[in-house]
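To keep things clear, I will list the structure first and then write my remarks on it.
Since this is a predicted model, take the numbers as computed values, not measurements.
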Amino acid sequence: MRKLKVGIIGATGMVGQRFITLLANHPYFEIAALAAGPRSAGRSYREAVAGRWKLSCECPGWVLDMPVLDAADVAAVGRLVDFVFCAVNLPKSETRALEELYARQEIPVVSNNSANRWTPDVPMLIPEVNPEHAEVIAAQRARLGTKRGFIAVKPNCSIQGYVGALTPLRKYGIEKIAVTTYQAISGAGRTFSDWEEMTDNIIPYISGEEEKSEREPLRVWGELDSEGREIVPSEEPVISAQCLRVPVSDGHMAAVFVKFREKPTEEEIKAAWRDFTPLPQKLQLPSAPEHFITYFEQPDRPQTRLDRGIYSGMGISVGRLREDKIFDYRFVALAHNTLRGAAGGAVLMAEFLVSRGYLTPVD
């Protein structure tokens, strides 16, 4: 199979930049188009990101010479690509309309945005957690009237670590979860050089984040309805979340408290994490970490700076499992927010969709 030609919509932002670095030498995909808003359209990528490149690694030289197209010019982008990754920075209503426009023009959309996360027939995928949700794409295509076009989205970056860690434990009947997330500044698309307010500071509020952290896991853990037309969110567990912005460049940490219907032992929990081998690992997808969940026995691990990059930033790190006086257990979980939580998670999703025949070359 030839490499699929991909477009990056929203290529000039931090997540778009991550997409470029991840796709520059990808075995399945090749970058064929870059697109952004009117301010960048018509310029070279070099000109469009001058003074705005936010990553520590350099942009591939050949990408710098690519032209930036207008993201709204769906026909121009569509002539060059088999599908697109979307990471635009627009109001939700505009993002939703743009993604559906691409899909209706038979251009599949793998989205990093939140606009379509609650569209009932749009799968919100963590491939290790709910790969079966991809089956709803058939119903979505029927609604859109398309043969190739569809939208698939990834969940919010803040839930990646604790939802992944809790998934193998659902067999014990999770009743209640309390979670506090300590979220890096790159989650806001910022760096310390352009956000001096974060130096030596913690901000105990991130707009909309707590609502997402309480609701999105229930959709990820939901099921297809009996007719396969939509994803029905799970009714349990009850989740209470608070989200803090902390002075860390990358990596979202979560402190998790969990109550079970049938309380497992510590050894059973660790064994569930150790033995969990999800579908992407069985398929050996290029971006899938060798081990989805890594448990650290050291009492001071995982640490953000030391462990956010595990398995190229695509693994989940867990530690400090112990019994709790109010809940049954507590632990911490860590995930890299712009890799596993954003661009990397979307690339892994696309790899999975290729493996299941949802993403194919244009004839």
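- Hydrophobic cluster membership differs between V122 and V110, with clusters built from Ile, Leu, Val, Met, Phe, Trp and Tyr side chains linked at under 4.5 angstrom.
- The heavy-atom pair separating D121 from V136 by the smallest distance is O-CG1, 3.4 Å.
- The side-chain tip of R215 points at the ring of W118 from less than 6.0 angstrom away and within 45° of straight on.
- When every heavy atom of L64 is checked against every heavy atom of S44, the shortest pair comes out as O-CB, 3.9 Å.
- Between F260 and Y329, the ring planes are perpendicular. Angles over 60° get that label, and only those under 30° would be called parallel.
- With hydrophobic clusters built from ILVMFWY side chains whose heavy atoms lie under 4.5 angstrom apart, I107 does not share a cluster with L359.
- Checked against side-chain hydrogen bond (donor to acceptor under 3.5 Å, both in side chains), R305 has no partners two or more places apart in sequence or in another chain.
- At distances below 3.5 Å, at least one donor-acceptor pair connects side-chain atoms of E106 with backbone N or O atoms of G149.
- Of the possible polar contacts, one joining the S111 side chain to the N113 backbone as a donor-acceptor pair under 3.5 Å is found.
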Inset, instruction - For the pair I231 and M124, evaluate side chain to side chain contact (heavy atoms under 4.5 Å, CB included) and give the outcome as yes or no after the intermediate values. - result: CA-CA 9 Å; I231 305 299; M124 183 167 68; over 6 Å; no
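- No more than 12 heavy atoms of other residues, nucleotides or ligands sit less than 6.0 Å from atom CG of N25.
- Ion pairing between D65 and R46 holds under the 4.0 Å rule for side-chain N and carboxylate O.
- L23 and M314 fall within the same hydrophobic cluster, where Ile, Leu, Val, Met, Phe, Trp and Tyr residues are linked whenever their side-chain heavy atoms come under 4.5 Å apart, directly or through other members.
- Nearest heavy-atom pair, F352 versus A134, reported as atom, atom and distance to 0.1 Å: CE2-CB, 4.0 Å.
- We find that E197 and R245 are not joined by a salt bridge, their nearest charged nitrogen and carboxylate oxygen being 4.0 Å or further apart.
- No path of Ile, Leu, Val, Met, Phe, Trp and Tyr side chains, each step under 4.5 Å between heavy atoms, connects L334 with I310, placing them in separate hydrophobic clusters.
- A side-chain contact (heavy atoms from CB on, under 4.5 Å) with L166 is found for one member of I177, V129, I159 and no other, namely I177.
- A salt bridge links R261 with E175: at least one charged nitrogen is closer than 4.0 Å to a carboxylate oxygen.
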Inset, instruction - Please step through side chain to side chain contact (heavy atoms under 4.5 Å, CB included) for the pair R340 and L348, ending with a clear verdict. - result: CA-CA 9 Å; R340 164 57 70 169; L348 177 60; 3.8 Å; yes
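- The two residues C157 and H252 have their closest heavy-atom pair at SG-NE2, 3.4 Å.
- Between T338 and S186 the shortest heavy-atom distance is CG2-OG, 3.6 Å.
- Test F29, Y28, F150, Y102 against F83 for ring pair (Phe, Tyr, Trp, His ring centres under 6.0 Å) and you get one pass: F29.
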Inset, instruction - Assess whether side chain to side chain donor-acceptor pair (under 3.5 Å) is satisfied between N156 and E209, documenting all intermediate values. - result: CA-CA 8 Å; N156 191 47; E209 204 75 1; 2.8 Å; yes
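- Between R190 and D194, at least one side-chain nitrogen of the basic residue sits less than 4.0 Å from a carboxylate oxygen of the acidic one, meeting the salt-bridge criterion.
- Linking Ile, Leu, Val, Met, Phe, Trp and Tyr residues whenever their side-chain heavy atoms come within less than 4.5 Å places V220 and L218 in a single cluster.
- In this structure a side-chain-to-backbone donor-acceptor pair under 3.5 Å is missing from R148 to Q105.
- Side-chain contact between V256 and V179 is present, with heavy atoms from C-beta onward closer than 4.5 Å.
- Considering CG of L321 and OH of Y295, their distance stands at 4.5 Å, rounded to 0.5 Å.
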Legend entry - Pair W62-I31, side chain to side chain contact (heavy atoms under 4.5 Å, CB included): steps then yes or no: CA-CA 10 Å; W62 59 271; I31 301 171; 4.1 Å; yes
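- A donor-acceptor pair is defined here as one N or O able to donate and one able to accept, closer than 3.5 Å; no such pair exists between the side chain of E128 and the backbone of L279.
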Inset, instruction - Just do the side chain to side chain contact (heavy atoms under 4.5 Å, CB included) check on K263 and E323 with the steps written out, would you? - result: CA-CA 11 Å; K263 183 180 177 180; E323 291 196 61; 2.5 Å; yes
